[in-house]
Amino acid sequence: MGSGEEDALLLEAALIQDEKSLYTGDGSVDIKGQPVLKSNTGNWKACPFILGNECCERLAYYGISTNLVSYLTKKLHQGNAVAATNVTTWQGTCYLTPLIGAVLADAYWGRYWTIAGMSTLTLSASIPSLKPVECVGTDCPSATPTQYAFFFTGLYLIALGTGGIKPCVSSFGADQFDDTDPKESVKKGSFFNWFYFSINIGALVSGTYIVWIQENKGWGLGFAIPAFFMGVAIFSFFVGTPLYRFQKPGGSPITRMCQVLVASFHKRNVSVPIDSSLLFETKDNVSAIGGSRKIAHTDELKYLDKAAVVSSAEYDDGNYSDSWRLCTVTQVEELKILIRMFPISASGIVFSAVYAQMSTMFVEQGMAMDTTIGSFTLPAATLTTFDVISVIFWVPVSVSFNFYMAAVALVEIKRLDIAKSLNLVNEDVSVPMNIFWQAPQYIFLGAAEVFFFIGQLEFFYDQSPDAMRSLCSALSLLTTALGNYLSSFILSMVTYFTARGGKPGWIPDNLNEGHLDYFFWLLAGLSFLNMLVYIVCAKVYKSKAAS
């Protein structure tokens, strides 16, 4: 071959390489299923629509959740402990339903049910027959079963809708950056910061403007505004469709995990070869799982490797197509990764239980304090803005404060001391202690929130198998769900054990005669023990490695 022919071949190879570099290397496609040009899609040009969607959707959600405990106590006339339990149980369900949404990946129906739920709440707060009559003095009639049913139907429709939205948005946004391009890949961490920043911009508007509307202009309007912003969220998301990059679905992750378990059990008496290269894997450069790269073999959980052992019968007839009897190494490693993730995920449950107090006991504590600033009355839930401001400040710094519950307990001790000194213990009135004493606890919470939730988002995206990112995002939300349920359980147990024999208990309807500080110290102790567990889990965790 002459030098001229060699030069021509080299030039042709270079042109092919240049053409390939114009397209994404992670297998992403456009809305029509065609390969996408890097210059025309994804990256930061697609993110404003996704971030705008998340900002408006979270504004809508927090417009309901931030002041919900106030509505339950003031309008539905529930007690402090009952109202707090109802809020955390509902919030837990909002973070549990994403497991269903991750499997169905149905963001459209998620938004539909969310709007339906918010519209139902608006009607519940607007139509006189659907809400209890106002209190007359100390006489506060309870809501009727029909009124409760209508209100909670709206709440749980929102929880159902959240399941279709929440597990998809963060992973979909991160999918806009090509993992195989070093320049784009490094931007992914910044996306998660901006994603959480957008959430808190929505929370800031909810904690100030919408809370004020609810307390001063009516709950009907206060619930209608979040429903409107949910519509804006839908519009923002679909406008950006031509710019989005989509990952091809890799089939049901639940089915693949079940196949590994069944295959490993079927071959339970088979020995795993010492040489891992003898385990079954496709010969191609890509995985047999659509939208997924190959994953390198690990030596942990070796029992599951039995699913990838080629039996003599399979070797003789050359039939490797039954995934219920033979799985690839990548498929086995997917399940291993999820198992390794579990301890890290579980260590976040206690933090989520503590975090749930911001929208329940923090607000109830604030309602028992002086909320006036001159002639202006500040809604207790507005103090959540200090958490949001703290988050916005700490996002670029990513520092955490683990024991902010101690600060909350100290504030409550001070409030009870004032109540005792002024003989207000038996009076169900606000204590003349300015509500801004609560500001430090919200600020500390915001700092801890940044470190935990942003780190959690990045961890579950980066460490999850390529074709299971929505499911793993949903598993991270399961941590929050279980934390809220744990909070409900702790509240119920505290009420059960401390309100016996005619005693008011730690969390009575009149907080002046209770000991809310003991409850906060309990959570501080649990947080400390949880931190020790997390340190152990983090040290033994083994990161995912692509093949």
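Because only heavy atoms are used, hydrogens play no part in the values below, and waters and symmetry mates are left out as well, while side chains stay in. Values in this document were obtained by computation on a predicted structure and should not be read as measured data.
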Q: Could you tell me whether Y209 and W212 have their ring centroids closer than 6.0 angstrom?
A: no
Q: Take I337 and I295 through the test side-chain contact (heavy atoms from CB on, under 4.5 Å) and record every step on the way to the result.
A: CA-CA 10 Å; I337 287 171; I295 304 175; 4.0 Å; yes
Q: Examine the side chains of T89 and S488 and answer whether a donor and an acceptor come within less than 3.5 Å of each other.
A: yes
Q) Hey, is OH on Y156 packed in by over 12 heavy atoms from elsewhere, all under 6.0 Å? A) yes
(Q) On a heavy-atom basis, which atom in D299 and which in K542 lie closest, and how many Å separate them? (A) N-NZ, 4.5 Å
Q) Does a sphere of radius 6.0 Å around CZ in F235 hold more than 12 heavy atoms from other residues, nucleotides or ligands, not counting ones at 6.0 Å or beyond? A) no
Q) Which heavy-atom pair separates Q214 from G63 by the least distance, and what is that distance? A) NE2-O, 2.7 Å
(Q) Can you confirm whether more than 12 heavy atoms, excluding those of F453, are under 6.0 Å from its CZ atom? (A) yes
**Q.** Salt bridge flag under 4.0 Å for residues E334 and R256
**A.** yes
Q) side-chain contact (heavy atoms from CB on, under 4.5 Å) between Y442 and S390: does it pass, once the steps are laid out? A) CA-CA 8 Å; Y442 282 103; S390 178; over 6 Å; no
Q) Can you name the residues that form a ring-ring contact (aromatic ring centres under 6.0 Å, His included) with F191, not counting sequence neighbours? A) F195
**Q.** Lys/Arg N to Asp/Glu carboxylate O, D305 vs K336, below 4.0 Å
**A.** yes
Q.
Under the criterion side-chain contact (heavy atoms from CB on, under 4.5 Å), I'd like the reasoning laid out for Q91 against Y61: C-alpha separation, chi angles, the key distance, then a yes or no.
A. CA-CA 10 Å; Q91 288 178 335; Y61 172 79; 3.7 Å; yes
(Q) Are there over 12 heavy-atom neighbours, none belonging to F228, within less than 6.0 Å of that residue's CZ? (A) no
Q | With sequence neighbours excluded, residues passing salt bridge (Lys or Arg N to Asp or Glu O under 4.0 Å) with R245 | A | E184
Q | NZ (K217) with more than 12 external heavy atoms under 6.0 Å | A | no
Q.
Taking the side chain as everything from C-beta on, heavy atoms only, tell me whether F444 gets closer than 4.5 Å to Q441.
A. no
Q. Which heavy atom of Q357 sits nearest a heavy atom of S487, and at what distance?
A. NE2-OG, 2.8 Å
**Q.** Shortest non-hydrogen contact from S236 toward N53
**A.** OG-N, 3.4 Å
Q) For F280, does the CZ atom sit with more than 12 other heavy atoms under 6.0 Å from it, leaving out its own atoms? A) yes
Q.
Tell me the closest heavy-atom pair linking N67 and A381, and the distance in Å.
A. OD1-CB, 3.2 Å
**Q.** side-chain contact (heavy atoms from CB on, under 4.5 Å) between M341 and F459, worked out
**A.** CA-CA 9 Å; M341 280 181 167; F459 173 78; 4.0 Å; yes
Q.
Using only atom types and a distance under 3.5 Å, with no angle test, would you say the side chain of Y320 pairs donor to acceptor with the backbone of E281?
A. no
Q.
In terms of relative ring orientation, are Y244 and F49 parallel, tilted or perpendicular, with 30° and 60° separating the classes?
A. perpendicular
Q: Identify the two heavy atoms, one from V332 and one from A308, that lie closest to each other, and give their separation to 0.1 Å.
A: CG2-CB, 4.2 Å
Q: Please say whether more than 12 non-hydrogen atoms of neighbouring residues, nucleotides or ligands are located less than 6.0 Å from OH in Y303.
A: yes
(Q) Below 30° counts as parallel, above 60° as perpendicular, anything between as tilted: where do the rings of F151 and F223 land? (A) tilted
With a cut-off of 3.5 Å and sequence neighbours excluded, list every side-chain donor-acceptor pair involving residues 343-355.
unit_1, atom_1, unit_2, atom_2, d
S345, OG, T479, OG1, 2.6
S347, OG, I344, O, 2.6
S352, OG, G348, O, 3.1
Y355, OH, E449, OE2, 3.1

